[in-house]
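Before any comments, here is the structure.
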Amino acid sequence: MIRSRIIGCGSYLPEKILTNDDLSRFVETNNSWIVERTGIRERHIAAEGETTADLAEQAARKALSAAGIEANALDLLVLATSTPDNTFPATATRVQARLGMTGGVAFDVQAVCAGFVCALSVADSFIRSGQARTALIIGAETYSRILDWSDRTTCVLFGDGAGAAVLSAEESPGTTADRGVLAVKMHSDGRHYDALYVDGGVSTTQTAGHLRMNGREVFRHAVGNLASVATEAMAAAGVAPEAIDWLVPHQANARIIEATAKKLGLPMEKVVMTVDRHANTSAASIPLALCEAVADGRVKPGQLLVMEAIGGGFVWGAAVVRW
Ligand code: ACO
């Protein structure tokens, strides 16, 4: 059978770092509150004029180089973002042009913090159905542009960044020992639309709007949904939780990550954590964490990974991947 294998990844963080102490100079907060409740110490913020496409392009170039692939060899580019450069065209097409990818197709997906899992699912489906042989998936965000910097309940939680991965079709025996994507599962429940949303939009206010969140409501649903979708994906892949080498979770909040790992029976030594330095970069957070763990040698060929994420909608999903 055909499997999609991740053959390279890359990430990019804007130069500017905003610490919790920096934040406490313009909003009523403090380092110990933020660290205690979220685990976040600092976040990166895009420079003036630096856009989501700029971040995405940098991450994509590194992923292509790690994979040893020319942009022109790509059949598919899926960019997950909820902070596009423009309402349309898709930010993916801007990145496509800059990379010099002249064939294939590029488009955006919008699944907020679950965007990278969604992009992975789309690319995996294209590859397994024979529509594409080589795909680039990117999660890229500039949440600094949609934060209300006077609202301490939200502005301390997010950051900017991008991460990317190249997937390639590979003929495999079809066993759990195969390398590549073994299973992806996704869900949404739109009844929670108002728990986490942006209070503007093209069709409503004709403004970009600001992020609004009922933090407690999000927290309440996050752990249960993440643990159940990760369990569902592991069952679909035919692997037991004990076989997992690394949990690469969406980096929203250390407490959510810890509670989910505990529910899955995974010790924290098996969890990749970047939330302390990146904060929540939405669709970019999983590939940023993944790239870090690959680059520093933690993630090794043949190891089994679970990625999971939940975001506005709510939309949530999980993927089981053998590296
Ligand atoms: N600094 C200092 N005090 C603060 C801050 C801040 N930045 N923000 C809120 N407070 C205050 C509140 O005003 C409140 O004060 P009060 O008791 O006088 O009214 C007090 O701290 C407690 O506020 P709560 O909202 O009850 O704090 P809680 O323990 O629920 O933590 C948090 C809030 C961190 C947002 C938590 O609910 C959470 O992590 N929720 C999940 C949200 C999340 O991660 N969202 C990311 C997007 S969704 C996703 O990616 C999964």
Side-chain angles (χ1 to χ4, degrees), residues 20 23 27-43 82 111-118 139 141 143 146-159 161 185-199 209-233 247-268 270-286 288-289 306-318:
N20 292 345
L23 273 167
V27 67
E28 204 186 322
T29 190
N30 57 77
N31 179 55
S32 56
W33 191 96
I34 302 173
V35 172
E36 197 178 299
R37 306 282 174 129
T38 73
I40 298 166
R41 294 179 184 278
E42 58 187 37
R43 69 285 292 141
S82 37
V112 205
C113 298
F116 189 77
V117 176
C118 183
E141 303 281 11
Y143 264 50
I146 53 163
L147 293 175
D148 174 352
W149 288 102
S150 66
D151 175 12
R152 68 176 182 173
T153 68
T154 53
C155 77
V156 303
L157 302 174
F158 297 89
K185 291 288 169 189
M186 291 207 67
H187 297 278
S188 66
D189 185 348
R191 287 174 298 177
H192 303 287
Y193 194 97
D194 295 332
L196 174 55
Y197 68 104
V198 170
D199 65 2
H210 291 113
L211 185 148
R212 304 293 172 205
M213 179 178 70
N214 180 339
R216 285 195 174 175
E217 185 75 0
V218 173
F219 202 104
R220 209 163 61 79
H221 285 88
V223 179
N225 285 341
L226 288 170
S228 80
V229 75
T231 303
E232 187 188 354
L247 178 66
V248 188
H250 168 49
Q251 308 282 322
N253 180 310
R255 288 192 300 159
I256 294 177
I257 295 173
E258 284 158 7
T260 307
K262 193 171 171 194
K263 229 173 165 151
L264 292 171
L266 294 173
M268 287 310 287
K270 288 187 171 187
V271 181
V272 180
M273 284 272 246
T274 51
V275 69
D276 53 330
R277 288 156 292 126
H278 300 171
N280 183 347
T281 56
S282 193
S285 91
I286 288 180
L288 274 163
V306 171
M307 307 172 196
E308 39 86 336
I310 183 166
F314 299 131
V315 180
W316 65 101

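Just so you know, residue 1 is the first one in the sequence shown, and it goes up from there.
When all heavy atoms of Val315 and Ala111 are compared, the pair lying nearest together is CG1-CB, 4.1 Å. The minimum heavy-atom distance between Leu147 and Cys155, with the atom names listed, is CD1-O, 4.0 Å. Ala254 and Gly39 make their closest contact through CB-CA, 3.9 Å (heavy atoms, listed as atom of the first residue, atom of the second, distance). Minimum interatomic distance between Leu264 and Ala227 (heavy atoms only, all atoms of both residues): CD2-O, 3.6 Å.
The closest donor-acceptor contact from the side chain of Glu308 to the backbone of Ala318 lies at 3.5 Å or more, if one exists at all. With hydrogens and angles disregarded, no donor-acceptor distance shorter than 3.5 Å links the side chain of Glu141 to the backbone of Thr281.
In this structure the side chain of Thr260 never reaches within 4.5 angstrom of the side chain of Pro249, judged on heavy atoms. Met186 is listed as a side-chain neighbour of Cys118, based on a closest heavy-atom distance under 4.5 Å. Using a 4.5 Å heavy-atom cutoff, the side chains of Leu247 and Lys270 are not in contact. Leu23 has its side chain within reach of Arg43: a pair of non-hydrogen atoms, C-beta onward, lies under 4.5 Å apart. With a 4.5 Å cut-off on side-chain heavy atoms, Asn253 and Arg37 do not count as touching. In this structure, the side chains of Met213 and Val218 come closer than 4.5 Å at one or more pairs of heavy atoms. Residues Glu232 and Lys185 form a side-chain contact, since some pair of their non-hydrogen atoms from C-beta on lies under 4.5 Å apart. Side-chain atoms of Trp33 and Asn20, non-hydrogen and from C-beta on, never get closer than 4.5 Å to each other.
In summary, Asp148 and Arg212 engage in a salt bridge, as defined by a charged side-chain N under 4.0 Å from a carboxylate O. By the 4.0 Å N-to-carboxylate-O rule, Arg220 lies close enough to Glu217 to be salt-bridged with it.
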Q: Go through the steps to decide whether Ile40 and Val156 satisfy the test side chain to side chain contact (heavy atoms under 4.5 Å, CB included), and finish with yes or no.
A: CA-CA 8 Å; Ile40 298 166; Val156 303; over 6 Å; no
Q.
Working note: Leu288 + Gln251, criterion side chain to side chain contact (heavy atoms under 4.5 Å, CB included); need CA distance, chi angles, decisive distance, verdict.
A. CA-CA 9 Å; Leu288 274 163; Gln251 308 282 322; over 6 Å; no
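In this pair, Phe314 and His221 present their aromatic rings tilted. The plane angle is within the 30 to 60° band.
In this structure, the separation between CD1 on Ile34 and CZ on Arg41 is 11.0 Å, given to the nearest 0.5 Å. Separating the OH atom in Tyr143 from the SG atom in Cys113 is a distance of 5.0 Å, to the nearest 0.5 Å. One distance of note links OG1 of Thr38 with CD of Glu36; it measures 10.0 Å at 0.5 Å rounding. Distance CD1/Ile256 to CD1/Ile310: 8.5 Å, rounded to 0.5 Å. Note that CE of Met268 and CD of Glu258 are 4.5 Å apart. Values are rounded to the nearest 0.5 Å. Of the inter-residue distances, the one linking Ser188 atom OG with Asn225 atom CG reads 10.5 Å to the nearest 0.5 angstrom.
The only option from Val112, Thr154, Leu211 that meets the side-chain contact (heavy atoms from CB on, under 4.5 Å) definition with Leu196 turns out to be Leu211.
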